[in-house]
Every structure is written in C-alpha cells, then in structure tokens.
Colleague: 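First the structure, which I've put down as structure tokens, then a few questions once you've had a look.
Model, not experiment: these values are computed from the prediction. All values below were derived from every heavy atom in this structure, side-chain atoms included, with hydrogens, water molecules and symmetry-related copies excluded. In what follows, chains carry the letters A, B, and so on, assigned in the order in which the sequence lines appear, proteins first and then strands, with residues in each chain numbered from 1.
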There are 2 protein chains.
Amino acid sequence: MTRSTVTALRHDPVCDGTTGGVGPATPAESQGPCGQCDLGTLAFCDGFAARTISSLSRVQCTLRFEPHDTLFREGDQGLAVYSVVSGAVKVYKLMPDGRRQITGFFFRGDMFGFCLDGTYAYTAEAITPVGVCRLPMQRLGELAETAPEIQYRIVLRMTAKLAQFHDHVLLLGRKTARERVATFLLTLSDRARRRGDPPSPLSLPMGRADIADHIGLTVETVSRAMTWFKREGLLDLPSPSQVAIRQPEALRAIADGAG
Amino acid sequence: MTRSTVTALRHDPVCDGTTGGVGPATPAESQGPCGQCDLGTLAFCDGFAARTISSLSRVQCTLRFEPHDTLFREGDQGLAVYSVVSGAVKVYKLMPDGRRQITGFFFRGDMFGFCLDGTYAYTAEAITPVGVCRLPMQRLGELAETAPEIQYRIVLRMTAKLAQFHDHVLLLGRKTARERVATFLLTLSDRARRRGDPPSPLSLPMGRADIADHIGLTVETVSRAMTWFKREGLLDLPSPSQVAIRQPEALRAIADGAG
DNA sequence: CGCTACCTTGAGCGCCCTCAACTAAAGTGG
DNA sequence: CCACTTTAGTTGAGGGCGCTCAAGGTAGCG
C-alpha cells in the first residue's frame with residue numbers, strides 16, 4: 001500500500017507532501033491506488049478500464065489534513081483536483097472586510113478544485129481530519145485524450161455541481177431563515193443517504209458559524225431556527241453536531257415554502 | 001443557408017421547430033452551420049477541426065424565439081444544449097408560492113441547458129428576440145467519443161460557469177443591496193466587453209423585476225440603488241434599459257464592500 | 001477547577017420588504 | 001391624431017425579519 005504511494009510520488013513531483021507550502025499535509029499511509037481505495041462506487045475512477053485506472057493511479061496521490069488545515073487558497077495556482085476519501089472539507093470566498101461565504105461542503109466521494117486559467121477561485125479548508133485523493137489537473141487533461149471516459153466523468157460531476165448551485169442560489173436569493181435551515185438539513189441528509197452514510201441521526205461536522213456562512217445567515221439565526229424545529233418536534237438535537245430528523249415531510253414542506 | 005437547416009432537420013428529428021410544444025419556435029432562415037454563423041471566436045465550435053465542425057453542423061439546428069417564449073421548462077426532458085447567437089435569455093427556478101430566482105442571464109456566445117439525468121433543473125425564457133444554436137445532447141455525447149476536443153470545450157464552459165456561481169453565491173449570501181446592484185452592473189459590463197459589445201453605455205435587456213429576482217432583492221430596492229448611484233454621479237441612466245458607468249473604480253469599490 | 005470555544009437565548013435596532021401613489025412610456029381603438 | 005389603457009419604473013411611508021450586541025449555558029481540556 002505504502003509502495004503505491006511512493007510510486008505516485010515518483011511519477012508526480014508535485015506530490016511531495018507540500019501543497020504550495022500551505023498546511024502540514026503529509027502523504028497518507030493507508031490508501032492504495034485508484035480503484036483500491038475504499039470509496040467503492042463513489043470513487044472517481046470506479047468502473048474505468050483497468051488501463052485507465054492504472055494510468056490514474058500513477059499520477060494520483062493520497063494526502064491527509066487536520067482540522068483548520070488549508071488545502072489551497074483563493075488565487076493559488078490550480079494544479080490539482082481533489083476527491084474526498086474521508087472527513088469533511090469546506091470551500092469559501094472572503095471579502096476584504098472579512099465577510100465570508102462558504103460556497104460548498106465536501107464529503108466522502110465528492111470532488112472539488114476544478115478551476116479556470118490555472119487559479120483557484122476559492123479557499124479549501126479541512127473541517128475534520130481529512131483524507132483526499134489528489135489528481136494533477138495537467139496529467140488528467142493528457143490522459144483524457146486517450147481515455148475520453150475520464151472527461152465524461154468530469155462532465156457528469158460538474159453537471160451535478162451546477163444543479164446544486166442552482167438550488168443553492170434559489171435558497172440564498174429567495175428563502176427565509178427557517179426555509180434555509182430546513183433545506184440545508186434535508187440536503188445534507190439526502191447527500192448522506194446517497195453516499196451510504198446514515199441519514200439519521202445526521203452528522204453536522206461543521207459548526208454553526210460554518211452553516212451560517214453557507215446559507216447566508218448569522219450564527220444566532222441558525223441556532224434559533226434549530227431550536228424552533230426542536231420545539232415543534234420536527235427534529236431532535238442529541239448534541240449540537242447531531243440531528244435526528246423526526247418529521248422529514250414537515251421539514252420538506254417548510255423547505256419548499258409551505259411552512 | 002436555409003438548406004443547411006433543412007439538412008439539420010433531416011438528421012435530427014427533434015429539430016422540427018417544436019420544442020416540446022412550448023413557445024412558437026420556428027427554424028431561422030439566416031443562420032448557417034457551425035463555423036459559419038456570425039459568432040466568430042465566441043462560437044462553441046470555433047477552432048475545431050473541419051471534420052468535427054461538419055459533424056456538429058449535421059446535428060445542429062438554429063431557432064428563433066420571441067420575448068416571453070419559453071425554450072424549455074424545469075422538469076422537461078433535457079434533450080439539447082443551447083448556444084445564444086443573438087438576444088438575451090433568462091433562466092429561473094420557481095417556488096410553489098410563486099417566488100422566483102433567476103439563476104442566470106445568457107447572451108451572445110453563452111451556452112446553457114446542460115442537465116443531469118435527462119431533466120432540466122430550470123426554465124429558460126427569451127427576454128428579447130433570440131437566435132439560438134441548438135445541439136442535441138445525445139449526439140454531442142456520441143461525437144465526443146471520436147472528438148474529445150468537444151468534451152474538453154464543454155468542461156471549459158462549465159468551469160467558467162462554476163466560477164460565476166461561486167461569485168454569485170457570495171453576492172447573494174453576504175452582500176448588501178447596493179453592493180449587489182454594483183456587482184451586477186460591473187459583471188454585466190465585463191461580460192459585454194469580453195464578448196465584444198460596447199461596455200458603456202451598458203444595455204440592460206432585462207427589466208428591474210428580472211434584475212431583482214437575480215440578485216435577491218425587490219424591484220423597489222434595485223430602483224433605489226440605481227437612483228442613488230445616479231445621484232452620486234457614479235452612473236447615468238439615459239433610459240431605464242441603458243446605463244453609462246461614469247466611475248467604474250468607485251462602483252468596483254462599492255461592489256467589493258469598500259463603499 | 002479554570003479556561004476556552006461553541007452554542008443558545010434575550011433585547012433592541014436597522015436594512016430591506018411591503019404597500020401605495022405617482023410618473024413615464026408604449027400600445028390600442030376610435 | 002388623440003383619449004384611454006396597460007405596463008414598467010420611481011418615490012415615499014411604515015413595518016417586520018433577521019442582524020447586532022450582550023449575557024448565559026455547556027462541553028472539552030489543561
């Protein structure tokens with residue numbers, strides 16, 4: 001296992017444990033090459049031809065990050081895309097005066113880091129301990145010429161992400177505080193279900209401040225909405241980072257504006 | 001010219017002038033095949049090999065729509081992607097109670113209609129008289145296997161759109177009313193410049209209500225912000241649909257939160 | 001036990017929404 | 001060509017949702 005990581009290092013000089021000097025990233029010791037990591041059908045390379053997978057495994061490398069580590073910053077040269085193997089990552093943009101907008105959360109199986117003209121448009125930061133599969137973008141482009149299935153897979157991922165953005169823009173532009181929180185919880189629950197994690201009790205690895213900066217509210221408003229849902233019996237909060245959704249339909253009704 | 005449209009009709013039975021029975025779409029008479037329309041370097045197929053272009057021209061068809069025509073609705077089967085040749089298109093999602101969020105405006109050279117699992121995630125409606133180049137998605141996927149440059153181009157377009165979304169989510173989640181309007185005007189001006197249209201006086205083909213539903217405000221608030229910018233000498237409003245930006249730097253400062 | 005970080009709860013205010021009136025411009029029919 | 005109607009945009013007055021500011025609670029950790 002460790003040997004395959006070393007192989008990756010030999011073929012991709014960028015994979016030397018430093019990611020632009022940001023964060024104490026260290027090569028992982030427990031992950032194998034593409035197709036052998038434990039992502040199963042969630043893996044980017046799942047279902048690819050053996051030759052494609054071996055090509056990917058030669059340029060891929062697996063990294064670990066600790067909470068608050070920065071994977072890359074807005075403006076950094078965009079050298080690689082990332083696939084989350086374990087843990088949670090948040091991605092955000094900052095305004096000069098410190099206002100922050102978290103544009104996405106990424107979990108097991110999710111990919112991020114696609115960027116234009118070689119510069120990341122946002123900062124990526126680990127929320128929990130994180131394992132990621134890193135794919136150098138340039139190599140990916142070269143491989144795509146011989147294995148068009150790779151680019152098709154990328155198109156699929158990006159299309160899904162675009163659909164998510166449409167929904168989130170609707171949330172931010174037109175929904176009330178309670179509708180936003182309800183939508184957020186249901187979306188997270190749905191994504192957990194799709195990736196095979198228990199959808200209830202739902203795990204909230206991010207703090208209230210992160211949630212607030214994602215759905216365009218303040219910490220206090222998020223907290224009040226959660227407490228209100230709890231009082232109404234729509235959900236339980238065994239701990240601040242765990243939500244048991246009791247009445248999904250009622251929550252859905254609120255999320256869709258019938259509350 | 002008309003003959004090439006007829007050719008397209010022969011090869012693509014979907015291109016019969018009806019787009020799901022929605023809107024009085026009629027085949028255009030003035031547009032040629034890919035590479036011969038007047039989009040120049042803005043065209044999706046610009047720079048492709050001659051063989052690729054001829055393949056595209058065989059599945060492509062050009063359509064015209066009038067203001068308020070619906071190109072497709074949210075939930076419709078997603079059969080094709082569109083490239084705007086002339087005019088302006090808005091794309092939006094509706095909530096059950098009528099709240100509307102416009103998730104994007106599309107002008108000359110812009111593409112839209114990429115969708116997952118065969119269903120459009122939003123409704124597309126013509127703002128002005130519109131000419132579009134319509135490319136059936138399935139054929140596009142088939143062609144991509146022999147001409148990977150097509151999918152690479154799609155990836156580029158989608159990457160750019162994703163970056164736009166990140167910016168817009170920041171706008172909706174964290175910016176004040178004036179910051180939103182300033183950002184909106186500058187973004188529109190920048191896009192006009194990139195596509196070769198005069199960036200000033202900037203043309204606003206969409207109404208105040210459309211702007212409001214795009215940046216998460218009300219008509220009144222948009223109007224007040226514009227009047228305020230005018231009073232401060234940042235811009236002129238020769239007509240409601242034309243904006244002459246007098247002080248781009250000052251407007252930029254406001255857009256970025258330094259106002 | 002004290003410290004820190006995070007979450008929750010409360011009180012008051014402000015930005016933007018709501019409601020309404022007014023103006024301007026464009027279409028309509030005689 | 002001109003009254004009438006309709007639609008879009010602007011301006012004003014008042015109210016409410018969510019923000020701000022502040023205090024209190026709770027869990028993790030030395």
Colleague: So which pairs with a foot in residues 201-219 of chain A pass salt bridge (Lys or Arg N to Asp or Glu O under 4.0 Å), sequence neighbours left out?
Modeller: K90(A)-D210(A), R100(A)-D210(A), R100(A)-D213(A), D213(A)-R174(B)
Colleague: With salt bridge (Lys or Arg N to Asp or Glu O under 4.0 Å) as the rule and sequence neighbours excluded, what pairs involving residues 78-89 of chain B come up?
Modeller: none
Colleague: Contact boundaries of DNA chain D with chain B (under 4.0 Å, heavy atoms), 5' to 3'?
Modeller: dG9(D) to dA13(D)
Colleague: Kindly assign one of parallel, tilted or perpendicular to the pair H166(B) and F165(A), based on the angle between their ring planes and the thresholds 30° and 60°.
Modeller: perpendicular
Colleague: Fit a plane to each ring of F72(B) and Y120(B), take the angle between them on a 0 to 90° scale, and name the class: parallel (under 30°), tilted (30 to 60°) or perpendicular (over 60°).
Modeller: parallel
Colleague: Could you tell me whether R178(A) and E232(A) make a salt bridge, using a distance below 4.0 angstrom between a side-chain N and a carboxylate O?
Modeller: no
Colleague: Salt bridge check: are R108(B) and D38(B) linked by an N-O gap of less than 4.0 Å?
Modeller: yes
Colleague: Strictly distance-based, threshold 3.5 Å: is any side-chain N or O of S223(A) a donor or acceptor partner for the main-chain N or O of V219(A)?
Modeller: no
Colleague: Treat primed atoms plus P, OP1 and OP2 as sugar-phosphate and everything else as base, then score nucleotides 4-22 of chain C 5' to 3': B for base contact with protein heavy atoms under 4.0 Å, S for sugar-phosphate contact only, - for none.
Modeller: ---SBBBB----SSBBB--
Colleague: Could you list all the salt bridge (Lys or Arg N to Asp or Glu O under 4.0 Å) pairs where at least one residue sits in residues 158-170 of chain A, not counting sequence neighbours?
Modeller: D167(A)-K93(B)
Colleague: Taking five pairs at each end of the helix from dC1(C)-dG30(D) to dG30(C)-dC1(D), what angle separates the two helix axes (nearest 10°)?
Modeller: 30°
Colleague: Would you say K175(B)'s side chain and A255(B)'s backbone share a donor-acceptor pair under 3.5 angstrom?
Modeller: yes
Colleague: Give a yes or no on whether the backbone of G113(A) and the side-chain of Y122(A) come within a donor-acceptor separation of less than 3.5 Å.
Modeller: yes
